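First comes the structure, then the notes that go with it.
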Amino acid sequence: MRIATWNVNSLRSRIDRVEAFVQRHDIDVLALQETKAREDQLPLMGLQALGYDIAVAGLNQWNGVALLSRVGLEDVEVGFSDMPGWGDPVAAESRAIGATCGGVRIWSLYVPNGRKPDDPHYTYKLDWLARLRATASGWLDGETALVGDWNICPTDDDVFDVKQFAKSTHVTPPERAAFQGFLDDGYAEVTRAHDAGYTYWDYYRQRFERDRGLKIDFVLASPTLASRVTGAFIDRDERDPAQGTGSPSDHAPVVVDLG
DNA sequence: ATGGTAGGATGCCTA
């Protein structure tokens with residue numbers, strides 16, 4: 001089984017690339033983030049014609065997550081979408097959607113960005129991660145995958161210039177500790193060993209062309225699932241403006257193979 | 001300290 005995760009930065013504007021991507025790599029399950037639209041706004045007929053069942057969560061223009069699966073899509077659940085103290089409608093944020101696909105419980109996660117270390121959104125990010133960790137620690141016995149845009153660079157190697165991020169989110173010790181907490185609990189990050197490259201490059205200043213990126217998209221697997229991983233890779237071609245149809249997302253997809 | 005680009009509920013907010 002081949003699963004993938006991709007922050008598409010608007011599924012509407014990326015639909016041609018998504019359809020080409022799943023076909024080119026023979027993807028069984030695809031977790032999407034930043035879909036940026038309601039389900040009724042999305043042109044999903046092409047993907048359905050390719051055999052994918054689709055579950056979408058998210059009502060606003062910034063977030064939204066989705067799961068596509070051609071190996072079953074059962075027990076769909078939306079979670080971790082509330083924003084305490086913000087007063088936002090729960091469904092609007094929709095930062096996580098989970099389902100059982102081919103016997104594997106897969107969560108598509110869009111971890112809050114945090115904006116700035118002194119911003120309330122940063123506190124919210126840490127709180128969100130703590131709540132996810134507390135719940136996810138109960139899923140370690142099964143075959144569980146926590147995939148998506150973690151908005152954290154776990155090591156200095158995951159930033160093109162760590163000095164430039166001295167006053168930024170993504171690299172602060174509390175964020176890194178939050179990520180490490182999942183590993184301490186028993187989850188394994190299963191992509192780095194196969195592909196240590198970046199997964200995100202900002203649109204401006206030709207960051208992709210100069211390979212000045214961040215590694216922030218990860219696949220965390222429970223022990224039994226991690227033992228099934230046979231390979232992984234980052235599809236940089238999908239971030240390349242010179243390749244494919246239409247403009248690229250600022251993230252590249254991450255693909256994981258299970259034996 | 002600022003600005004650069006992209007997407008959408010577009011002349012502003014978020015990433």
Side-chain angles (χ1 to χ4, degrees), chain A residues 5-19 21 31-44 56-66 80-83 85-96 108-126 128-129 148-153 158-172 175 198-218 236-254:
Chain A
T5 178
W6 191 5
N7 180 325
V8 285
N9 186 20
S10 167
L11 182 49
R12 255 181 299 187
S13 62
R14 223 67 67 198
I15 194 70
D16 291 345
R17 279 185 179 265
V18 171
E19 291 179 5
F21 168 75
L32 296 170
Q33 301 87 36
E34 287 203 67
T35 47
K36 292 189 171 180
R38 300 187 311 267
E39 184 166 11
D40 60 271
Q41 298 174 305
L42 294 169
L44 301 172
V56 171
L59 301 176
N60 72 24
Q61 67 272 48
W62 302 301
N63 305 322
V65 286
F80 306 100
S81 51
D82 58 311
M83 202 161 182
W86 253 256
D88 283 2
V90 167
E93 283 287 325
S94 293
R95 294 181 174 274
S108 176
L109 307 175
Y110 180 47
V111 175
N113 175 285
R115 300 189 183 178
K116 297 278 171 56
D118 61 356
D119 192 295
H121 283 80
Y122 175 81
T123 307
Y124 169 64
K125 178 182 193 174
L126 295 177
W128 192 94
L129 285 162
D149 179 357
W150 288 77
N151 271 318
I152 297 170
C153 301
D158 303 327
V159 194
F160 67 90
D161 180 4
V162 77
K163 289 194 294 292
Q164 213 172 110
F165 280 71
K167 294 177 180 173
S168 301
T169 58
H170 292 55
V171 301
T172 67
E175 289 167 282
Y198 301 135
T199 63
Y200 162 88
W201 298 259
D202 225 320
Y203 280 122
Y204 43 72
R205 291 190 172 179
Q206 297 191 295
R207 289 262 172 89
F208 178 76
E209 289 75 3
R210 297 187 294 149
D211 196 26
R212 294 171 73 77
L214 306 176
K215 191 175 189 65
I216 55 178
D217 298 272
F218 297 102
R236 294 170 51 96
D237 289 350
E238 278 299 347
R239 177 60 183 87
D240 191 344
Q243 301 197 48
T245 305
S247 61
S249 168
D250 42 3
H251 293 249
V254 180

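Just so it is clear, the model here is predicted, and its values are computed rather than measured. Numbered from 1 within each chain, the chains take letters A, B, ... in sequence-line order.
Checked against ring-ring contact (aromatic ring centres under 6.0 Å, His included), A:Tyr203 has no partners two or more places apart in sequence or in another chain. Every side-chain contact (heavy atoms from CB on, under 4.5 Å) that A:Pro117 has, sequence neighbours left out, goes to A:Thr169, A:Thr172.
Taken to the nearest 0.5 Å, the CD1 atom of A:Ile15 stands 7.0 Å off from the CG atom of A:Leu42. Separating the CG atom in A:Leu109 from the CG atom in A:Asp217 is a distance of 11.0 Å, to the nearest 0.5 Å.
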Inset, instruction - Would you check, one step at a time, whether the test side-chain contact (heavy atoms from CB on, under 4.5 Å) holds for A:Leu214 with A:Phe165? - result: CA-CA 11 Å; A:Leu214 306 176; A:Phe165 280 71; 3.7 Å; yes
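What separates CG of A:Asp149 from P of B:dT14 is a distance of 17 Å, to the nearest Å. Regarding A:Glu34, its CD atom lies at a distance of 9 Å from the C1' atom of B:dG7, rounded to whole Å. A straight line from OH of A:Tyr110 to C1' of B:dT14 spans 8 Å, rounded to a whole angstrom. Regarding A:Gln33, its CD atom lies at a distance of 17 Å from the C1' atom of B:dT14, rounded to whole Å. Distance CG (A:Asn9) to C1' (B:dC13): 14 Å, rounded to an integer number of Å. Remark: P of B:dA15 and CG of A:Asp202 are 13 Å apart, rounded to the nearest angstrom. Whole-Å rounding puts the A:Tyr204 OH to B:dG3 C1' distance at 8 Å. Counting to the nearest Å, the C1' atom of B:dT5 and the CH2 atom of A:Trp201 are 16 Å from each other.
Distances from the side chain of A:Ser10 to the nucleotides B:dA6, B:dG4, B:dG8 place B:dG8 closest. Side-chain atoms of A:Arg205 lie closest to B:dG3 of the nucleotides B:dT5, B:dG3, B:dG7.
Of all heavy-atom pairs between A:Arg14 and A:Asn9, the closest is NH2-O, 2.7 Å. Heavy-atom minimum distance, A:Ala252 versus A:Trp6: C-CD1, 3.9 Å.
Between B:dG11 and B:dA1, the two P atoms lie 31 Å apart (nearest whole Å). Taking atom P on both B:dG8 and B:dG3, the two are 25 Å apart, rounded to the nearest angstrom. Comparing the P positions of B:dT2 and B:dA6 gives a spacing of 23 Å, expressed to the nearest Å.
Taking for each of A:Asn113 and A:Ser13 the nucleotide of DNA chain B with the nearest heavy atom, the 5'-most of the two is the partner of A:Ser13. The residue among A:Tyr200 and A:Lys167 whose nearest nucleotide of DNA chain B lies closer to the 5′ end is A:Lys167.
The phosphate of B:dG4 (OP1 or OP2) has no side-chain N or O of A:Arg207 nearer than 4.0 angstrom. Side-chain N/O atoms of A:Arg14 include one lying less than 4.0 angstrom from OP1 or OP2 on B:dG7. Note on A:Thr169: every side-chain N or O is 4.0 Å or more away from OP1 and OP2 of B:dA15.
Checked by atom type and distance alone, the side chain of A:Arg17 pairs as donor or acceptor with a backbone atom of A:Thr245 at under 3.5 Å.
Residue A:Arg12 places no side-chain atom within donor-acceptor reach of the base of B:dG7, judged by atom type and a 3.5 Å distance cut-off alone.
Note on A:Ser249: nothing from the nucleic acid sits closer than 4.0 angstrom, heavy atoms only.
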Inset, instruction - Dot-bracket notation for DNA chain B is requested: 5' to 3', Watson-Crick or G-U wobble pairs only, both distances under 3.5 Å, with ( ), [ ], | and . as defined. - result: ....(((.....)))
